[in-house]
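The structure appears below as structure tokens.
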Amino acid sequence: MNKIPFFKMCGSGNDFIIIDNRRKMLRETDFADLARRLCARTVSLGADGFVVLEEAPAVDFRWHFFNSDGSRAEMCGNGARCAARFAVINGIAGEEMAFE
């Protein structure tokens with residue numbers, strides 16, 4: 001079993017599991033299942049959402065956001081704030097950034 005480094009961050013009362021996938025250690029086809037399994041509160045890490053950051057050619061990074069039930073969401077303001085902070089902390093982006 002591979003270890004996957006992650007952060008758990010909170011934004012305005014919502015918590016998120018965030019993974020830097022710029023090195024492609026995870027397959028995109030597995031993201032929804034990982035969200036369901038990792039976000040389960042009583043049997044796993046527990047979180048409101050699952051965020052995966054990847055490389056993007058025209059912006060600082062691309063993000064994928066999933067709700068705790070594994071459904072993909074187009075936007076989550078609190079999740080976006082945590083993803084942006086994660087990017088700054090980890091040197092992925094500066095304080096001014098663009099992501100898709």
Side-chain angles (χ1 to χ4, degrees):
M1 187 165 183
N2 293 331
K3 292 182 181 182
I4 302 168
F6 70 93
F7 272 50
K8 188 164 180 192
M9 301 183 84
C10 181
S12 295
N14 295 119
D15 57 339
F16 305 94
I17 297 166
I18 304 178
I19 295 176
D20 178 355
N21 196 42
R22 291 175 298 152
R23 293 196 172 119
K24 300 288 187 189
M25 68 183 124
L26 302 173
R27 296 180 309 198
E28 188 172 344
T29 56
D30 294 332
F31 293 171
D33 184 54
L34 276 171
R36 276 189 299 277
R37 292 185 338 188
L38 295 176
C39 291
R41 290 213 184 266
T42 58
V43 295
S44 192
L45 297 171
D48 294 313
F50 179 65
V51 178
V52 181
L53 274 62
E54 295 188 318
E55 292 283 347
V59 293
D60 293 296
F61 62 91
R62 176 180 182 207
W63 80 319
H64 301 270
F65 179 81
F66 291 84
N67 294 306
S68 61
D69 65 1
S71 61
R72 186 181 286 266
E74 285 187 35
M75 184 55 184
C76 173
N78 291 338
R81 290 178 7 177
C82 288
R85 181 70 180 140
F86 175 88
V88 170
I89 290 169
N90 289 283
I92 297 168
E95 289 191 20
E96 290 189 26
M97 69 185 76
F99 60 97
E100 59 182 45

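Between the CG atom of Asn67 and the SG atom of Cys76 there is a distance of 7.5 Å, given to the nearest 0.5 Å.
When every heavy atom of Gly94 is checked against every heavy atom of Val88, the shortest pair comes out as O-CG2, 3.5 Å. Nearest heavy atoms, Asp48 versus Gly13: OD2-O, 4.0 Å. When all heavy atoms are compared, the tightest approach of Ser12 to Asn78 is CB-OD1, 3.6 Å. The nearest pair of heavy atoms linking Ala84 to Met97 is O-CE, 3.5 Å. Nearest heavy atom pair, residue Gly70 against residue Ala35, reads CA-CB, 4.1 Å. Between Glu55 and Arg62, the closest heavy-atom pair is O-CB, 4.0 Å.
No continuous path of hydrophobic side-chain contacts links Val52 to Phe16 [ILVMFWY only; heavy atoms under 4.5 Å]. By the rule that hydrophobic residues join a cluster once side-chain heavy atoms approach within less than 4.5 Å of another member, Leu53 and Val59 end up as members of separate clusters. Under the 4.5 Å side-chain heavy-atom criterion for ILVMFWY residues, no single connected hydrophobic cluster contains both Ile17 and Met75. One hydrophobic cluster, built from ILVMFWY side chains closer than 4.5 Å, holds both Met25 and Leu34. The same ILVMFWY cluster, assembled from side-chain heavy atoms under 4.5 Å apart, contains both Phe99 and Val51.
In this structure a side-chain-to-backbone donor-acceptor pair under 3.5 Å is present from Asn21 to Leu26. No donor-acceptor pair under 3.5 Å is formed between the side chain of Asp15 and the backbone N or O of Cys10. Judged by distance alone, with hydrogens and angles left aside, the side-chain atoms of Ser68 form no donor-acceptor pair with the main-chain N or O of Cys39 at under 3.5 Å. Side chain of Asp20 to main chain of Arg22: a donor-acceptor pair is present (N/O by atom type, distance under 3.5 Å, no hydrogens or angles). Judged by distance alone, the side chain of Lys8 and the main-chain N or O of Gly46 form a donor-acceptor pair under 3.5 Å. Remark: side-chain polar atoms of Asn90 are not paired, donor with acceptor, to backbone N or O of Ile92 under 3.5 angstrom.
For CZ of Arg85, the number of neighbouring non-hydrogen atoms (other residues, nucleotides, ligands) closer than 6.0 Å is 12 at most.
Salt-bridge annotation for Arg27 and Asp33: absent, with no side-chain N of the basic residue lying under 4.0 Å from a carboxylate O of the acidic one.
Looking at heavy atoms from C-beta onward, Phe6 lies out of side-chain contact with Leu38 at the 4.5 angstrom threshold.
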Would Trp63 and Phe65 count as a ring-ring contact (aromatic ring centres under 6.0 Å, His included) here? Give the steps. CA-CA 6 Å; Trp63 80 319; Phe65 179 81; 5.7 Å; yes
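Note on ring orientation: taking the six-membered ring where Trp is involved, the planes of His64 and Phe66 are parallel (angle under 30°, cut-offs 30° and 60°).
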